[in-house]
Amino acid sequence: MGDQANGADLKRVNSYTWPSGHVAHLTEGQTGALDRFKKLSQQKGYYDPGNEKSPPSHDDETLLRYLRARKFVPTEAFNQFKGTEDWRKEHQLDKLYETIDVQEYDQTRRLYPQWTGRRDKRGIPLYVYEIKSISSKEVSAYSSGKDTKNKSTNKSTPWKMLKLFALYENLCRFVLPLCSAIPGRPNPETPISQSNNIVDLGGVGFTKLWNLRNHMSDASTLATAHYPETLDRIFVIGAPSFFPTIWQWAKSWFDPITVAKIFILSDSNMTSTLAKYVDMDNIPKKYGGTLDWQFGDLPFLEPAIANSLNWKENIEQKGHKTLPLGPIKWQYDNDNRDLVAIAIGSENDKPRNRVIGALHPQTGVARLALSPGRADNQALFRATPAQIPAVQDRKPATASMAASSNASSKAETTPATSVQDTSTTGASTGSVQTGAPRGGTSVTRYEQQHGTHAEGQMANGTPATTLDGRGEQQAIMEPNTVGQAPKEHPMKIPEQAQQTTIDQAKEMATHALEQAKQVPTVVMSAVGMGGAKQEEHNVAEAKKEDPAVNSMPVQNVEEFLRAQSMTKPASSVPKV
């Protein structure tokens with residue numbers, strides 16, 4: 001009853017298939033939940049409804065992503081929303097996206113799902129992730145990279161993850177607004193806020209999949225937390241023979257709504273299934289379509305997109321229109337009210353601010369906010385002519401932006417304001433009740449040591465570290481010493497009975513099975529879909545690793561897995 005009182009539509013939570021649950025397609029209960037979510041967020045200082053002179057801090061479609069992720073329960077949606085806003089502020093996500101090195105960005109792009117430049121039949125962008133093309137050497141170089149410019153290594157999120165989130169920023173700040181702007185799609189009144197993904201496992205042996213599991217799962221926990229509901233469908237192609245059997249075990253961990261989004265395709269039904277959702281011209285040749293695009297290529301922009309842009313510079317690959325390397329953002333040109341695409345980031349330690357082209361607004365097509373985080377000023381909605389280079393030789397665009405939600409419409413009529421530093425975008429304005437500091441974290445522990453015998457003794461040199469079976473550093477700290485001064489004598493480790501060889505074999509087999517069952521979760525994590533029914537599955541289950549298993553030859557794990565597959569009949573894959 002509590003969830004229902006908070007706005008959950010308990011009668012219809014089994015599917016939020018687009019456009020259900022999105023702008024202009026809300027039930028009465030969902031509309032009420034959105035209103036309560038806004039009021040709660042405003043009371044806590046995380047949402048500004050705006051006025052006739054300024055737009056709201058967040059557009060409705062962005063807020064609805066959090067509500068859909070939390071079954072339209074406003075209190076739960078707010079907790080996730082607050083966590084994201086605090087996280088964006090801590091790591092200055094907008095500033096990172098504006099300043100990331102173009103080559104570092106492209107290095108990251110090559111290791112994760114890539115936009116083909118095409119859309120499905122509903123106008124939702126199509127991404128491809130080809131696991132076979134990911135090399136261990138590239139992953140190692142990417143993971144060991146140091147942040148020397150943004151000092152992000154001092155933050156709670158490692159630099160390699162922040163580089164990954166620059167890709168999510170590109171999805172939310174460039175690709176989705178662009179796809180929302182193109183006319184001729186179904187439900188043009190609803191912004192595009194999700195993507196489709198083909199996950200290609202073809203030619204990937206168990207050994208490679210196992211060795212890449214940590215890299216692919218990097219995206220899961222934080223992406224699910226901070227970019228919820230940005231994935232629509234996942235098509236798993238080329239799955240190895242053992243995958244269907246494991247999927248029968250693993251899919252019970254996923255939310256039913258998530259399971260409904262996942263299609264495991266065989267060679268026989270791959271092309272026919274994809275063709276139900278994507279035009280053949282937009283399906284890569286490798287998967288039975290006619291599109292000349294391969295993993296690693298820049299986007300091959302479909303004609304409807306390429307012809308909609310009033311290009312300032314001609315950018316081509318393989319003889320067709322494409323986009324430059326690195327991050328891109330949209331801004332409004334005050335003179336013509338155009339959406340202007342600007343290549344940003346840094347090259348050779350110098351910021352770039354290069355206009356690619358523009359879209360001219362017209363009515364009839366929905367508009368999405370230009371940042372997934374909070375806009376503390378109007379810089380993300382509009383910029384003055386002096387701050388955006390003029391687009392030369394302007395010609396009437398064949399497609400356009402449209403009148404949008406009330407928030408964006410108000411931004412169109414406001415006087416131009418100077419562009420301010422957007423590094424604080426994502427921060428909250430207004431008072432937020434913080435309360436007493438939480439105990440248990442390093443920072444608060446240091447503060448609590450002030451004036452005591454332990455002052456200054458825990459800030460450096462602790463916790464101790466050791467190398468695990470994969471050669472990665474792991475922290476070691478005795479639980480009873482957290483927050484205390486170091487003890488003169490180490491704690492005694494109680495003696496344990498030695499395991500017999502049979503016991504060890506059984507334990508290793510059990511751990512091998514548990515980890516093998518995680519393979520489907522890792523595959524879904526590759527595109528940022530954690531999707532477990534409960535958050536503890538994302539953390540506790542994913543962390544259930546043992547040095548003995550990690551150091552065990554991967555062939556032993558594969559043999560055990562195949563033995564399980566032989567003794568259990570593979571159930572039918574999800575119907576499509």
Side-chain angles (χ1 to χ4, degrees), residues 18-19 22-24 55-65 93-94 97-98 115 117-120 122-127 166-185 187-196 227 229-232 299 301-302 304-306 308-311 323-324 326-333 336-344 355-375 378-383 388 391 397 399-405 407-409 411-412 422 425-426:
W18 192 88
H22 295 250
V23 164
S57 57
H58 299 79
D59 70 305
D60 285 358
E61 186 61 30
T62 297
L63 296 178
L64 283 168
R65 288 200 288 107
L93 259 292
D94 286 272
Y97 187 65
E98 297 266 354
W115 185 36
R118 301 300 171 113
R119 302 171 297 159
D120 73 0
R122 300 164 298 168
I124 295 176
L126 180 66
Y127 281 69
L167 302 183
Y168 277 90
E169 291 294 300
N170 186 72
L171 169 70
C172 294
R173 299 186 61 174
F174 177 73
V175 177
L176 294 179
L178 173 60
C179 292
S180 298
I182 305 302
R185 60 180 175 85
N187 304 111
E189 72 285 352
T190 303
I192 301 295
S193 59
Q194 296 176 306
S195 66
N196 282 324
Y227 296 90
E229 285 292 305
T230 52
L231 285 166
D232 181 53
L301 297 180
E302 63 179 280
I305 296 177
S308 295
L309 279 165
N310 179 20
W311 295 87
L323 300 166
I328 306 172
K329 72 173 182 179
W330 293 105
Q331 280 190 340
Y332 284 108
D333 179 343
N336 302 285
R337 295 184 178 178
D338 283 0
L339 263 179
V340 180
I342 304 175
I344 53 176
V355 171
I356 302 169
L359 286 166
H360 186 65
Q362 291 181 0
T363 59
V365 182
R367 185 166 66 195
L368 189 67
L370 306 186
S371 172
R374 180 185 179 87
Q378 296 184 51
L380 295 178
F381 292 84
R382 168 186 300 282
I388 296 183
V391 178
S400 60
M401 295 299 295
S404 57
S405 59
S408 302
S409 299
E412 291 284 323
T422 60
T425 303

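We number each residue from 1, following the sequence as shown.
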Going by atom types alone, do Thr230 and Gln194 pair a side-chain donor with an acceptor below 3.5 Å? no

For the residue pair [X] and [Y], what are the closest heavy atoms and their distance?
| X | Y | value |
| --- | --- | --- |
| Pro125 | Leu176 | CG-CD2, 3.9 Å |
| His58 | Pro372 | CD2-O, 4.3 Å |
| Val340 | Val355 | CG1-CG1, 3.7 Å |
| Ile305 | Gly117 | CD1-O, 3.9 Å |
| Pro177 | Leu370 | CB-CD2, 4.3 Å |
| Gly357 | Leu309 | C-CD2, 4.3 Å |

Please list, chain by chain and in numerical order, all residues satisfying salt bridge (Lys or Arg N to Asp or Glu O under 4.0 Å) with Arg122, sequence neighbours excluded. Asp120, Asp232

Applying salt bridge (Lys or Arg N to Asp or Glu O under 4.0 Å), name anything that partners Arg119, two or more places apart in sequence or on another chain. Glu302

Taking [X] for the side chain and [Y] for the main chain, is one N or O donor matched with an acceptor at less than 3.5 Å?
| X | Y | answer |
| --- | --- | --- |
| Trp311 | Ala306 | yes |
| Glu169 | Tyr97 | no |
| Ser180 | Leu368 | no |

Checking Trp115, Trp330, Tyr168 against Phe174 for ring-ring contact (aromatic ring centres under 6.0 Å, His included), the one that qualifies is Trp330

Can you confirm whether Arg173 sits close enough to Ile328 that some side-chain heavy atom of one is under 4.5 Å from a side-chain heavy atom of the other? no

Looking at [atom1] of [X] and [atom2] of [Y], how far apart are the two atoms once the value is rounded to the nearest 0.5 Å?
| X | Y | atom1 | atom2 | answer |
| --- | --- | --- | --- | --- |
| Asp338 | Asn310 | CG | CG | 7.5 Å |
| Arg367 | Leu339 | CZ | CG | 7.0 Å |
| Asp60 | His22 | CG | NE2 | 13.0 Å |
| Arg118 | Leu301 | CZ | CG | 8.0 Å |

Applying side-chain contact (heavy atoms from CB on, under 4.5 Å), run through Leu171 and Tyr227 and close with a yes or a no. CA-CA 10 Å; Leu171 169 70; Tyr227 296 90; over 6 Å; no

Residue set satisfying side chain to side chain contact (heavy atoms under 4.5 Å, CB included) with Ala343, at least two apart, ordered chain then number -> Pro324, Arg352, Arg354, Ile356

Just jot down the side chain to side chain contact (heavy atoms under 4.5 Å, CB included) partners of Pro19, sequence neighbours excluded, or say none. His25, Asn187, Thr190

Please list, chain by chain and in numerical order, all residues satisfying side chain to side chain donor-acceptor pair (under 3.5 Å) with Thr62, sequence neighbours excluded. Asp59

Start with the C-alpha gap between Glu229 and Ser193, add the side-chain angles, then the distance that decides, and say whether side-chain contact (heavy atoms from CB on, under 4.5 Å) holds. CA-CA 8 Å; Glu229 285 292 305; Ser193 59; over 6 Å; no

Please determine whether side-chain contact (heavy atoms from CB on, under 4.5 Å) holds for the pair Ser308 and Leu359, giving the CA-CA distance in whole Å, both sets of side-chain angles, and the decisive distance to 0.1 Å. CA-CA 7 Å; Ser308 295; Leu359 286 166; 3.7 Å; yes

Given side-chain contact (heavy atoms from CB on, under 4.5 Å), test Val175 with Ser195 step by step and report yes or no. CA-CA 9 Å; Val175 177; Ser195 66; over 6 Å; no

N-O pairing of Lys329 and Glu98 below 4.0 Å: yes

